[in-house]
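In what follows, a structure is listed as structure tokens, so that the remarks can point back to it.
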Amino acid sequence: MKTLKKIASTALLAGITALFGMGSAQAALPIQHWTLANGAKVYLVSTNALPIVDVQIDFDAGSRRDPAAQAGLASTSAAMVEKGVRAGRNGEPALDQNALGEAWADLGASFDVSAGTDRTSYTLRTLSDPALLNKAVALAAREIGEPSFPDDIWPRERERINAAIKEANTKPATVVGRAFAQAVYGTHPYGQEVTEATLARIDTAAMRQRYEQLIQPCRAKLSIVGAVTRAEAEALATALLSRLPNPATCAPLPAIAPVVALTAPKDERIAFDSAQAHVFIGQPGYPRQDPDHFALTLGNYVLGGGGFVSRLTEQVREKRGLAYSVYSGFAPGLDAGAFRIGFQTRPDQAEAATQVSREVLAKFVAEGPTEKELKAAKDNLIGGFPLLLDSNRKLIGNVANIAWYDLPLDYLDTWTARMNAVTAADIKAAFGRKLQPQRMVTVVVGGKQAAP
């Protein structure tokens, strides 16, 4: 990995120049897109700025598809992929976790698997030298298509996760997050919690079954950024998925019911022996494809996403000293991820800080931003846009999001213009459509006794 990191760091300036042009704040990032014969969708940004290739493969296999009784199946399955591969179909020997680690180290490449709420993601980073690239792709293909899910490793891994859960449950941040998610999402999978009980119902047979159902070439979205041509990218993508079973048909996955809007406010006070009270206020937000995304992004910067220049910070911290920091944010996904205001404060100040935060929110939803606030938000977000794309790693994340959410291929090229087009009236209207301050969840965790 040292070689890869050294090359990346020394070539970074050249990469930025190649991607943006000297002094340009507008990206020129042509994204090529096509579908493989197996149904997989490929998104490619071909750039020779760095001798590196980054790949991300996403499947609709996040925790939202976990059975409620087996919450945690997605994340544990992802972790177990890296514990070993079975003997290959071409006669390759089985490899355990140590052998895989050594193989990746010898290649100077990296491969990771993770599961979020919506998707399971495989990421590969390697040098573009054909000899190294081909070996890295071949090894990644084995981990993608031939994971062993070793029976002897899972009990130990489960105990490690159980220990982490027990430790997390001693922290107020865990308690407030769990209570908030359950109150906002109800029975929707977005609110499911991984517990010792759900882990006990997970075994390697369930992991293998889930894998067969969800990890199929026809369900893959591959994002590739780096020094490869389209022909090379097509060969790479085909090879990465070549060891997965390729069913004759690709039936649609079952639909997941949408997040349900709140019909009434919910207030919850949880006793916890802690020096600080942890407070979350919020509700379901919006799906990432919502056309109000740009207006909500700019508006949230003014409300609570802009740090020291946000209204919440001004009113809660600067004027009243009720919290050291306070923020707001949306978390859009395939469905309506939560909107949340969060802060920590002394338990005896929790009610006052909560009230002020609610008042700031209600005023903003009712009135929207001032023209001065909007200009400052645009200057900051648009001015910082190139920093979101100044490395292969950041660029692959943006391309993968375009692929995952089916955003326009010119999304990055038109981003600045779309931000500039947002008006204060647009923001007021968007916040009015999405947020209902009178019907929000409020969770306060802290203080040895719950408030009456």
Side-chain angles (χ1 to χ4, degrees), residues 63-64 68 71 117 168-169 171-195 198 256-274 276-287 290 296 299-300 303-305 311-312 315-316 322-323 326-333 335-366 430-452:
S63 62
R64 74 189 188 118
T117 303
N169 286 338
K171 300 176 180 179
T174 301
V175 177
V176 73
R178 178 171 59 227
F180 180 77
Q182 291 173 349
V184 168
Y185 297 121
T187 59
H188 190 275
Y190 275 10
Q192 289 179 175
E193 177 194 2
V194 184
T195 67
T198 65
I256 295 175
V259 174
V260 178
L262 299 176
T263 58
K266 300 179 183 179
D267 286 340
E268 187 170 359
R269 305 295 189 270
I270 300 174
F272 203 95
D273 188 3
S274 59
Q276 292 279 297
H278 292 240
V279 181
F280 283 165
I281 304 167
Q283 63 161 84
Y286 67 97
D290 193 291
L296 294 168
N300 182 68
L303 174 63
R311 286 195 186 184
L312 282 168
Q315 296 297 324
V316 177
L322 294 173
V326 57
Y327 66 90
S328 67
F330 291 93
D335 208 326
F339 165 79
R340 181 171 67 189
I341 293 172
F343 58 88
Q344 298 175 34
T345 186
R346 290 202 328 252
D348 63 301
Q349 295 181 329
E351 292 303 321
T354 298
Q355 182 61 31
V356 172
S357 297
R358 286 172 170 165
E359 291 171 356
V360 171
L361 172 63
K363 180 179 175 63
F364 187 80
V365 172
F431 270 74
R433 284 189 287 268
K434 297 300 183 297
L435 299 186
Q436 297 78 43
Q438 74 281 5
R439 296 202 302 265
M440 288 195 172
V441 166
T442 301
V443 180
V444 181
V445 174
K448 294 185 179 181
Q449 296 181 349

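Values reported hereafter were calculated over all heavy atoms of this structure, with side chains retained and with hydrogens, waters and symmetry mates removed. These figures come from a predicted structure and were not determined experimentally.
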Check the angle between the aromatic planes of Y185 and H188 and answer parallel, tilted or perpendicular using the 30° and 60° thresholds. tilted
d(F330 CZ, L296 CG) to nearest 0.5 Å is 4.5 Å
How long is the span from the CE atom in M440 to the CD1 atom in I281, to the nearest 0.5 Å? 8.5 Å
F343: what forms a ring pair (Phe, Tyr, Trp, His ring centres under 6.0 Å) with it, not counting sequence neighbours? none
All ring pair (Phe, Tyr, Trp, His ring centres under 6.0 Å) counterparts of Y327, not counting sequence neighbours: none
May I have the step-by-step check of salt bridge (Lys or Arg N to Asp or Glu O under 4.0 Å) for D335 and R64, ending in yes or no? CA-CA 10 Å; D335 208 326; R64 74 189 188 118; 6.0 Å; no
For E359 and Q355, test the side chains for any donor-to-acceptor distance below 3.5 angstrom and give the result as yes or no. yes
Side chains of N169 and T174: is there a donor and an acceptor less than 3.5 Å apart? no
Looking at V360, is its backbone amide N or carbonyl O close enough to the side chain of Q315 to form a donor-acceptor pair, meaning the two atoms are under 3.5 Å apart? no
Between the CD1 atom in I341 and the CG atom in L303, the distance rounded to the nearest 0.5 Å is 5.5 Å
I want to check something: taking the side chain as every heavy atom from C-beta on, are Q192 and T198 in contact at a cut-off of under 4.5 Å? no
With a 3.5 Å distance limit and no angle check, can you tell me whether Q349 reaches the backbone of A277 through a side-chain donor-acceptor pair? no
